[in-house]
Amino acid sequence: MLELTDVEAGYGRTRVLHGVTVPAGKVVAVLGHNGAGKTTLLRLAIGLIKPAKGRVLFDGEDVSSLPPNKRVARGMAYVPQGQQSFGQLTTLENLQLVAGGRRRGRALIDAQLARFPALEKFAARKAGLLSGGQRQQLAIARALITEPRLLILDEPTEGIQPTIVAEIEQTIVQLAGEGIHVLLVEQHIGFALEAAERYVVLASGFVTQNGEGGSAAAATVRAAMAI
Ligand SMILES: Nc1ncnc2c1ncn2[C@@H]1O[C@H](COP(=O)(O)OP(=O)(O)O)[C@@H](O)[C@H]1O
Ligand SMILES: [Mg+2]
């Protein structure tokens, strides 16, 4: 699926990522402190920024120079950090925006409303009035309407009330069970490693650690990140 090899990238002349390699995997967790370059890595994966060096591969194809919409057409979807939605539109309208042009649009919306009961309940409510957790679910639902094979999630549980954190974590595990690959940036190291097949730790734009996921990896990662 998605693979990054020896990537250098940044903004203008500022280099943020240095020789970053991310292996393919069903769920791949990207860990690291604030400012480490995690969001930049995800922007690179979806094509919002282009690598100065190295390659982004999707299903073996070099997509490094493809714009985001072409990557979405190939089966990638991106949920940015910060529970973004159109606050003045209702939950349903937010979903319709994405589903509108698609055959089976209504069925795709219904599938997501069934997945997220809170969204079904508040379908007619303005997205700006939803809780942070519900807006996060809405953002994930919107991405899923494009029927991605790879879902890219940037801190989906950041700033969200604990009860919904558990629901969102469950959703991620569920999606993996449905065969959707996930590239996950997450501060909850315990959960991220439990869910992940592979992980990388970023520090100042360098990969300082990588390996297989599983709960046993958590102690090693925590120790390394404490330095
Ligand atoms: N649009 C931007 N322009 C210039 N520098 C940026 C921009 N976005 C992020 N950076 C810088 O890139 C580095 C990594 O940021 P980011 O990828 O957001 O880290 P993380 O998601 O791990 O917190 C930081 O030093 C940040 O200041
Ligand atoms: Mg970030």
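Keep in mind the model is a prediction, meaning the values are calculated, not measured. Order of appearance sets the numbers: ligands from 1, and atoms from 1 within every ligand.
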message = Any donor-acceptor pair under 3.5 Å linking the side-chain atoms of D154 with those of T39?
response = yes
Heavy-atom distance from atom 1 (N) of ligand 1 to the protein below 4.0 Å? yes
If I apply the N/O under 3.5 Å rule, does K38 come out as touching ligand 1? yes
**Message:** Can you see whether E194 engages S215 through a side-chain donor-acceptor pair at a distance of less than 3.5 angstrom?
**Reply:** no
| Residue-ligand contact T14/ligand 1, heavy atom below 4.0 Å | no
Worksheet entry | Atom NZ of K26 with >12 non-hydrogen neighbours under 6.0 angstrom | yes
One finds that the ligand 1 atoms under 4.0 Å from a non-hydrogen atom of R43 are 8 (N)
N, O or S atom of Q81 closer to the Mg ion (ligand 2) than 2.8 Å
yes
- Contact check, G37 vs ligand 1, heavy-atom distance below 4.0 Å: yes
Just to check, does H33 reach to within less than 4.0 Å of ligand 1 when the distance is taken from its heavy atoms? yes
Per-atom filter on ligand 1: closer than 4.0 angstrom to a heavy atom of V16 are 12 (O), 13 (C), 14 (C)
Note: ligand 1 atoms sitting under 4.0 Å from heavy atoms of T39 are 17 (O), 18 (O), 20 (P), 21 (O)
*Under-4.0 Å protein heavy-atom contact, atom 26 (C) of ligand 1*: no
Item to complete: Tell me yes or no: between the side chains of Q84 and R135, is some donor less than 3.5 Å from an acceptor?
Response: no
- Task: Tell me, please, if T40 has any N/O/S atom, main chain or side chain, under 2.8 Å from the Mg ion (ligand 2)?
- Result: no
Any side-chain donor paired with an acceptor under 3.5 Å for R142 and N94?
yes
